[in-house]
Amino acid sequence: MTPENKPLIAGNWKMNGLQSSLETLTAIAEGVSAFAAKTDTLICPPATLLRAAAVISAGTALRIGGQDCHAAVNGAYTGEISAEMIADAGATFVILGHSERRTLQNETNGEVSYKAAAAHTAGLTTIVCLGETEAERKCGQTLDVLGRQLEESVPDGATSGNTVIAYEPVWAIGTGLTPTTADIREAHAFMRAALEARFGAEGKTMRILYGGSVKASNAAELMAIDNVDGALIGGASLKADDFLAIAGIYEAI
Ligand SMILES: O=C[C@H](O)COP(=O)(O)O
């Protein structure tokens, strides 16, 4: 990480959040200012809340992001949202390649890379998600899977300023399960080496988040692991107190 790239605590609301949820977002936007010196914070709400969330967070330390974007600039893609539309709404980040999309939408590494390039063109910072399935882990394929996903999902124009990596073991998402500290250390060290080999100094400082059942109870242990530069949080980001408890973790590390 670099001084301008502090650890990042990001919340992915997934398909959760109505207009009434903006009260929670307001509480988060107000609360993260206490941690802004040490920690970057981000909430990625559903697209229906993006503009309102950007208006609420304007002038605060909280950043807003989308959860996906189309690779095209515009056109006949019913139901899709372009990177430019996310930026136009006032967001500055976008999550791409989340396993729930890779699995449910059969999203490929190549599609993620094209989307990431479009997001960079629109001025967004991408959070590119990677992770092995339980079957791949049991077959000892974790590092092979991560290496291939890194190589094929991250476009050549990636820098530490426009790209964040999120390692999310698929079997740890929403399950309450996490890999061992040793397994997370090994995966993040492997990804760091792969990023440095491909992107040089940019790869050395590109942030690598951990995601998968991060809670206030385990965040300190997880965030203290080498090459873990923050977290991508699902369930624990839906309540302000839960998210702020994790966002403040670097105050104590
Ligand atoms: O994007 C967030 C990840 O899917 C983790 O979700 P979770 O914290 O509910 O396990």
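This one's a predicted model, so the numbers in the text were calculated from it and none came from an experiment.
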For the hydrophobic clusters of this structure (ILVMFWY residues joined by side-chain heavy atoms under 4.5 Å, transitively), does one cluster hold both Val128 and Val145?
no

Sidechain-backbone polar pair: Ser113 side chain, Gly110 backbone, donor-acceptor under 3.5 Å:
no

Test salt bridge (charged side-chain N to carboxylate O under 4.0 Å, His left out) applied to Asp229 and Arg207, Arg192, Lys6, Lys204, the passing residue:
Arg192

For the residue pair Leu8 and Ile127, establish whether any side-chain heavy-atom pair is separated by less than 4.5 Å.
yes

His120 vs Thr159, test: side chain to side chain donor-acceptor pair (under 3.5 Å). Steps then yes/no.
CA-CA 10 Å; His120 293 160; Thr159 68; over 6 Å; no

Do you know the tightest heavy-atom contact between Ala236 and Asp242?
O-CB, 3.3 Å

With a 6.0 Å cut-off (strictly less than), is the heavy-atom count around CD of Glu134, excluding the residue itself, greater than 12?
no

Side-chain donor or acceptor of Glu111 paired with backbone N/O of Thr108 under 3.5 Å
yes

Only one of Asn16, Thr24, Ile233 passes side-chain contact (heavy atoms from CB on, under 4.5 Å) with Leu238; say which it is.
Asn16

Is there a donor-acceptor contact under 3.5 Å from the side chain of Arg102 to the main chain of Gly131?
no

Indicate yes or no for a side-chain donor-acceptor contact from Ser237 to the backbone of Gly234 under 3.5 Å, with no hydrogens or angles considered.
yes

Is it the case that more than 12 heavy atoms not belonging to Tyr114 sit under 6.0 Å from its OH atom?
no

Whether Tyr210 and Tyr167 hold their rings parallel, tilted or perpendicular, with breakpoints at 30° and 60°
perpendicular

With distance as the sole test, does Glu136 use its side chain to make a donor-acceptor pair with the main-chain N or O of Thr142 at under 3.5 Å?
no

What pair of heavy atoms forms the shortest contact from Ala122 to Ala87, and how long is it?
O-CB, 3.7 Å

Got a donor-acceptor contact below 3.5 angstrom from the Glu251 side chain to the Gly248 backbone?
no

Count the heavy atoms belonging to other residues, nucleotides or ligands that lie under 6.0 Å from CD of Gln141, then report whether that count exceeds 12.
yes

Between His98 and Glu168, does a side-chain contact (heavy atoms from CB on, under 4.5 Å) hold up when you go through it step by step?
CA-CA 8 Å; His98 193 282; Glu168 298 201 315; 3.1 Å; yes

What's the verdict on side-chain contact (heavy atoms from CB on, under 4.5 Å) for Ile81 and Leu50, showing C-alpha distance, side-chain angles and the deciding distance?
CA-CA 12 Å; Ile81 295 172; Leu50 269 180; 5.7 Å; no

Determine whether Thr125 and Arg63 make a side-chain contact, defined as any pair of heavy atoms from C-beta on separated by less than 4.5 Å.
no

Quick one: do Asp88 and Arg51 make a salt bridge, cutoff under 4.0 Å?
no

Residues two or more places apart in sequence or in another chain: which of them pass side-chain hydrogen bond (donor to acceptor under 3.5 Å, both in side chains) with Ser213?
none

Backbone N or O of Ala54 within a donor-acceptor pair of the Ser57 side chain at under 3.5 Å?
yes

If we only count heavy atoms from C-beta on, is the Ile249 to Phe35 side-chain gap below 4.5 Å?
no

Taking all heavy atoms of Thr39 and all of Tyr250, pick out the closest pair and write down the distance.
OG1-CB, 3.5 Å

What are the two closest non-hydrogen atoms of Phe243 and Val32, and how far apart are they?
CE2-CG1, 4.2 Å

Just to verify, what does Arg101 make a salt bridge (charged side-chain N to carboxylate O under 4.0 Å, His left out) with, not counting sequence neighbours?
Asp68, Glu107

Does any part of the side chain of Lys115, heavy atoms only, come nearer than 4.5 Å to the side chain of Val94, both counted from C-beta?
no

Does Tyr77 reach the side chain of Ser82, with side-chain heavy atoms less than 4.5 Å apart?
no

With the side chain counted from C-beta on, respond yes when Phe199 and Thr163 share a heavy-atom pair under 4.5 Å apart, and no when they do not.
no

Co-membership, hydrophobic cluster, residues Val112 and Leu130, 4.5 Å side-chain
yes

Per-pair distances, 0.1 Å, donor-acceptor, side chain in residues 42-49, under 3.5 Å, sequence neighbours excluded:
none

Yes or no on side-chain contact (heavy atoms from CB on, under 4.5 Å) for Met191 and Asn227, after CA distance, side-chain angles and deciding distance?
CA-CA 9 Å; Met191 291 184 284; Asn227 292 299; over 6 Å; no

Candidate pair Arg198 and Leu150, rule side-chain contact (heavy atoms from CB on, under 4.5 Å), full reasoning
CA-CA 10 Å; Arg198 182 175 172 200; Leu150 265 182; over 6 Å; no

